[in-house]
Each structure stands twice: as structure tokens, then as C-alpha cells.
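As a basis for the values below, the full set of heavy atoms in this structure was taken, side chains included, without hydrogen atoms, waters or symmetry mates. Please read these numbers as outputs of a predicted model, since none were measured by experiment.
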Amino acid sequence: MDSNALFKLTCGLFLLTARTDKDNGCIINTVLQVTASPVRIIIVVNKNNYTHNMVKQTGIFNVSVLAESAQMDIYKRFGYASGRDTSKFDGFNDVSRSKNGILYLNRYSNAYLSGKVIEEKDLGTHTLFTADVTDARVLTEETSVTYDYYQDNIKPVPPAKTTSQTGFICTVCGYIYEGSTLPEGFICPVCKHGTEAFKPL
């Protein structure tokens, strides 16, 4: 285990990967080291993500720490698309398998960590998983992507507001809900975040 990989964990964006009968992955934004001995991390995963179910079922996962070089295609593939019916890894070569047999993104990542779940906590729309780190590797010295860097340099700029347009925009992925009020309990159909992620146009 390379302890330097833990220093790559910033307040950024990460690719969570898991495996049951097929491989899957989703973008998450919470990975934190909580203890040094044993090395433990927590991840927070939206329950609407199919990968969430795979982590609950198997109890093992990988987290790739995304670097600034990760292009919007990575976020679209793993953050916007559903993996329930199709494999997000179809035709994608930039992955490797760690010792636990789960894929990690070896390009556009500066490190990966493998985890084995020891505890989970229901947070309503999300689940908090506590896991022992079983493997950790630094892949490059590239800077980890931060949420601010993603917002300023990677995420597409939403279309300019027109005077007749009313509705709400998802601050995570840019999805626009047209209407004068946002329905209670509304979930973004693209990134699966709730009403807290929306702001008026």
C-alpha cells in the first residue's frame, strides 16, 4: 500500500467502481480518510446510483482519484448515464483491475484505492460506507481535480437565460427543469441529485 495515495484525496471528484455480474461505476464527491491505523476511509453514495447497490451487495469497491486532465466525456459516461442496462466500460480501454478484481481508471486518475466495507449508515438519499483500505497506489503526480476546477474548466456552460424561460437548473450537471415550481422530492433524471442541487434560472 502506498500511503502517498491517501494524500491525493481532496475535496474533489472520484470514480467509484464495483463489480457483481458486470462492472459498473459512478462519480462521487465524498471520499475521506478517517483513521490512519488501520487505514480507513468513508465514501458517500447516492442510493439512486446502480453502483451503490453493487457496493452494498459485495462489500468491496475501488475509488479512482480523478485528475485535472479528466475530460467531460469521463463525467458524462460515469456521471450522467445509467449502468443498469448497459456497461459503462464498453469500448473503454483506459482501465485496469486491482488485486480485488475490480476495475479502476488508470488514465485521468492520479491514484486509486481499494476498499472493503466494514460498516454502513443510512443517510436518507445516500449511504455512508466505512471501509478498510486494502490497496492504494499512486498513478501520476498530476493534480487532483477539485470541484471548483471542474466548475470553472470542465463543466459545460449552461445556455444563457432568456427572458421567457422559467424553471430550475441543476447546479451539479446543468439539467434544466421547466416550470414555475420544482415538485417536492424531485430527483434530477441525469445526475440523480435531489431538489437541494437546484436553483432558479
Side-chain angles (χ1 to χ4, degrees), residues 9-32 41-66 70-90 92 95 102-105 108-109 115 117 120-131 145-151 154-159 167-179 181-201:
L9 298 178
T10 63
C11 187
L13 296 165
F14 311 90
L15 174 60
L16 170 69
T17 51
R19 177 177 175 81
T20 51
D21 55 329
K22 64 178 179 177
D23 297 297
N24 215 317
C26 68
I27 302 290
I28 61 174
N29 60 13
T30 305
V31 181
L32 298 170
I41 59 173
I42 59 169
I43 62 172
V44 178
V45 189
N46 190 311
K47 291 179 182 177
N48 287 323
N49 282 322
Y50 183 56
T51 310
H52 168 276
N53 301 341
M54 300 171 88
V55 173
K56 276 186 72 75
Q57 183 178 341
T58 64
I60 56 174
F61 62 85
N62 286 341
V63 173
S64 300
V65 184
L66 294 174
Q71 301 298 309
M72 192 61 201
D73 285 349
I74 298 296
Y75 298 96
K76 284 181 180 177
R77 180 185 291 248
F78 295 102
Y80 297 174
S82 172
R84 283 180 167 83
D85 302 317
T86 59
S87 171
K88 294 184 181 183
F89 292 98
D90 284 349
F92 197 70
V95 291
I102 298 175
L103 292 173
Y104 65 89
L105 195 65
Y108 308 124
S109 299
V117 176
E120 59 183 77
K121 182 175 182 180
D122 190 326
L123 301 179
T125 58
H126 292 66
T127 299
L128 183 151
F129 296 99
T130 303
V145 69
T146 63
Y147 194 67
D148 285 341
Y149 185 90
Y150 169 78
Q151 291 283 355
I154 300 173
K155 179 180 172 184
V157 177
F168 298 83
I169 186 167
C170 178
T171 58
V172 176
C173 70
Y175 171 80
I176 294 176
Y177 175 86
E178 295 179 359
T181 59
L182 198 61
E184 187 176 340
F186 182 75
I187 299 292
C188 178
V190 176
C191 69
K192 309 303 182 192
H193 284 76
T195 54
E196 72 282 352
F198 283 80
K199 68 177 183 180
L201 288 172

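The stretch residues 48-65 participates, sequence neighbours left out, in these salt bridge (charged side-chain N to carboxylate O under 4.0 Å, His left out) pairs: Lys56-Glu120.
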Item to complete: Apply side-chain contact (heavy atoms from CB on, under 4.5 Å) to the pair Tyr147 and Val172, showing each step before the final yes or no.
Response: CA-CA 10 Å; Tyr147 194 67; Val172 176; 4.3 Å; yes
Worksheet item: For Ile74 and Leu105, what are the C-alpha separation, side-chain angles and deciding distance, and is it a side-chain contact (heavy atoms from CB on, under 4.5 Å)?
Response: CA-CA 10 Å; Ile74 298 296; Leu105 195 65; 4.2 Å; yes
Worksheet entry | Pair Leu66-Tyr75, side-chain contact (heavy atoms from CB on, under 4.5 Å): steps then yes or no | CA-CA 10 Å; Leu66 294 174; Tyr75 298 96; 3.8 Å; yes
Discussion item. As a quick check of understanding, evaluate side-chain contact (heavy atoms from CB on, under 4.5 Å) for Thr58 and Arg19, giving each step before the final call.
Written reply: CA-CA 8 Å; Thr58 64; Arg19 177 177 175 81; over 6 Å; no
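Taking CD1 of Ile28 as the start and CG of Leu16 as the end, the distance is 4.5 Å to the nearest 0.5 Å. Lys76 contributes atom NZ, which lies 11.0 Å from atom CD of Gln71 (distance to the nearest 0.5 angstrom). Note that the CD1 atom of Ile176 and the CZ atom of Phe198 stand 10.0 Å from one another [nearest 0.5 Å]. One finds the CD1 atom of Ile102 at 11.5 Å from the CG atom of Asn24 (value rounded to the nearest 0.5 Å). For the atom pair CG of Leu123 and OG1 of Thr30, the computed distance is 10.0 Å after rounding to the nearest 0.5 Å. Atom NZ of Lys88 sits about 13.0 Å away from atom CG of Leu103, to the nearest 0.5 Å.
Annotation for Ser64 and Ser109: closest pair CB-OG, 3.4 Å, computed over non-hydrogen atoms. Closest approach of Met72 and Lys155 over heavy atoms only: SD-CA, 4.1 Å. Across all their heavy atoms, Cys188 and Tyr175 have their closest contact at SG-CB, 3.7 Å. Here the closest non-hydrogen pair linking Asn49 and Cys26 is ND2-SG, 3.8 Å. The nearest pair of heavy atoms linking Ala18 to Thr51 is CB-CG2, 3.9 Å.
Lys121 places no side-chain N or O within donor-acceptor distance of the main-chain N or O of Leu128, the cut-off being under 3.5 Å. Thr171 places a side-chain N or O within 3.5 Å of a backbone atom of Ala197 that can act as its donor or acceptor partner.
Evaluation of the side chain to side chain contact (heavy atoms under 4.5 Å, CB included) rule for Gln57 yields Thr20 as partners, not counting sequence neighbours. Applying the ring-ring contact (aromatic ring centres under 6.0 Å, His included) test to Tyr177 and every residue at least two apart in sequence or in another chain returns Phe186. When the side chain to side chain contact (heavy atoms under 4.5 Å, CB included) test is applied to Pro200, the partners found at least two apart in sequence or on another chain are Phe168. For Val117, the side chain to side chain contact (heavy atoms under 4.5 Å, CB included) partners at least two apart in sequence or on another chain are Val55, Phe61, Phe129.
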In residues 41-48, what donor-acceptor pairs under 3.5 Å come from side-chain atoms, sequence neighbours left out?
residue, atom, partner, partner atom, Å
Asn46, OD1, Asn48, N, 2.8
Asn46, ND2, Lys192, O, 2.7
Lys47, NZ, Asp122, OD1, 2.8
Lys47, NZ, Asp122, OD2, 2.9
Lys47, NZ, Gly124, O, 2.7

